[in-house]
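Residue numbers begin at 1 in each chain, while the letters A, B, ... track the order of the sequences. Given the structure is predicted, the values throughout are model-derived calculations rather than measurements.
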Number of protein chains: 2
Amino acid sequence: MTDHDVFLADCPARTTLDLIADTWSVVVVFGLGHGPRRYNDLRDRIGGISNKMLTQTLRKLERNNLVTRRALSTAPAGAEYRLTPLGESLLGPVSVLARWAEEHADELGDGGSGD
Amino acid sequence: MTDHDVFLADCPARTTLDLIADTWSVVVVFGLGHGPRRYNDLRDRIGGISNKMLTQTLRKLERNNLVTRRALSTAPAGAEYRLTPLGESLLGPVSVLARWAEEHADELGDGGSGD
DNA sequence: CAGTATCCTATCGGATACTG
DNA sequence: CAGTATCCGATAGGATACTG
């Protein structure tokens, strides 16, 4: 099997994991999972994310080729975000994790990340 | 399908994701993927983790039933950590993510999480 | 060996207010 | 509408030193 040392030392997997190891990256990717979304639309859909973090996360995802931004020349301005093919390819793996999360939510002692 | 809204709003998946959305949780789980390990052994294997974070992460994983600690009554003292069945069940989902990470490492613009 | 304690920094992340 | 700017507190995380 190949899934043994994958995350140890300085494998590419570590770098990548670090990229999505924050509260919002994965959530935002998922928020775009159904197709393009506008800024406020996306924020609304996610719920609980601040402007700051949404923007910051989107920029980071852009820099890493997971998301693209397109300015709309509509009247009251507008911007549309969508997943790149790379971004879409992330949906699968993350769904697996999501499913695990849902199935075992009750077995986790406390949700506490608290120290 | 069920993998659409999974991460939005206050689904259990969000809580769980938050639990492992840090630099070390997943890595430590993986570090125990081959079986029980002693503290220093584990730290050595992971590489780049500080005492503080290793301990802190292990405690958090313990609290969430992913890892158990066993004190060894050997001469120079000792402690052994191992995955619980729940912890082991996480290996699968995370491997999928790892594989994605390895395959697409080159497509990610910069590894930069940097702002 | 297996931690704990302390210090310090950088980033995370929310709230609010402001702008084109 | 889609941000940016700013302030603030909380956490993540590293380094080092210390202890049973």
Seminar exercise, completed: Per-residue pairing states of DNA chain C in dot-bracket (Watson-Crick or G-U under 3.5 Å; . unpaired, | other strand) read ||||||||||||||||||||
Seminar exercise, completed: note: B:Glu80, atom CD; C:dC1, atom C1'; distance rounded to Å ~ 14 Å
Seminar exercise, completed: Rounded to whole Å, the CD1-C1' distance (A:Ile20 to C:dC12) equals 17 Å
For this session: Please round to the nearest 0.5 Å and tell me the distance separating atom CZ of B:Arg63 and atom CG of A:Leu108.
Result: 12.0 Å
For this session: Could you tell me the separation between the CG atom of B:Asp22 and the C1' atom of D:dA10, rounded to a whole number of Å?
Result: 15 Å
Problem set entry | A:Asp18 CG to C:dT11 C1', straight-line distance once rounded to whole Å | 12 Å
Exercise. What is the distance, rounded to the nearest whole Å, between atom CG of B:Leu72 and atom P of C:dA2?
Worked result: 8 Å
Exercise. What string of B, S and - do you get for nucleotides 14-20 of chain C, 5' to 3', when a contact is any protein heavy atom under 4.0 Å?
Worked result: BB-----
For this session: Take atom CG of A:Asn40 and atom P of D:dC1, then tell me their distance rounded to the nearest Å.
Result: 5 Å
Exercise. Of A:Ala21 and A:Thr55, whose nearest nucleotide on DNA chain D comes first from the 5' end?
Worked result: A:Thr55
Exercise. In whole angstrom, what separates B:Arg43's CZ from C:dA2's P?
Worked result: 9 Å
For this session: May I have the distance from A:Gln56 (atom CD) to D:dT4 (atom C1'), rounded to whole angstrom?
Result: 12 Å
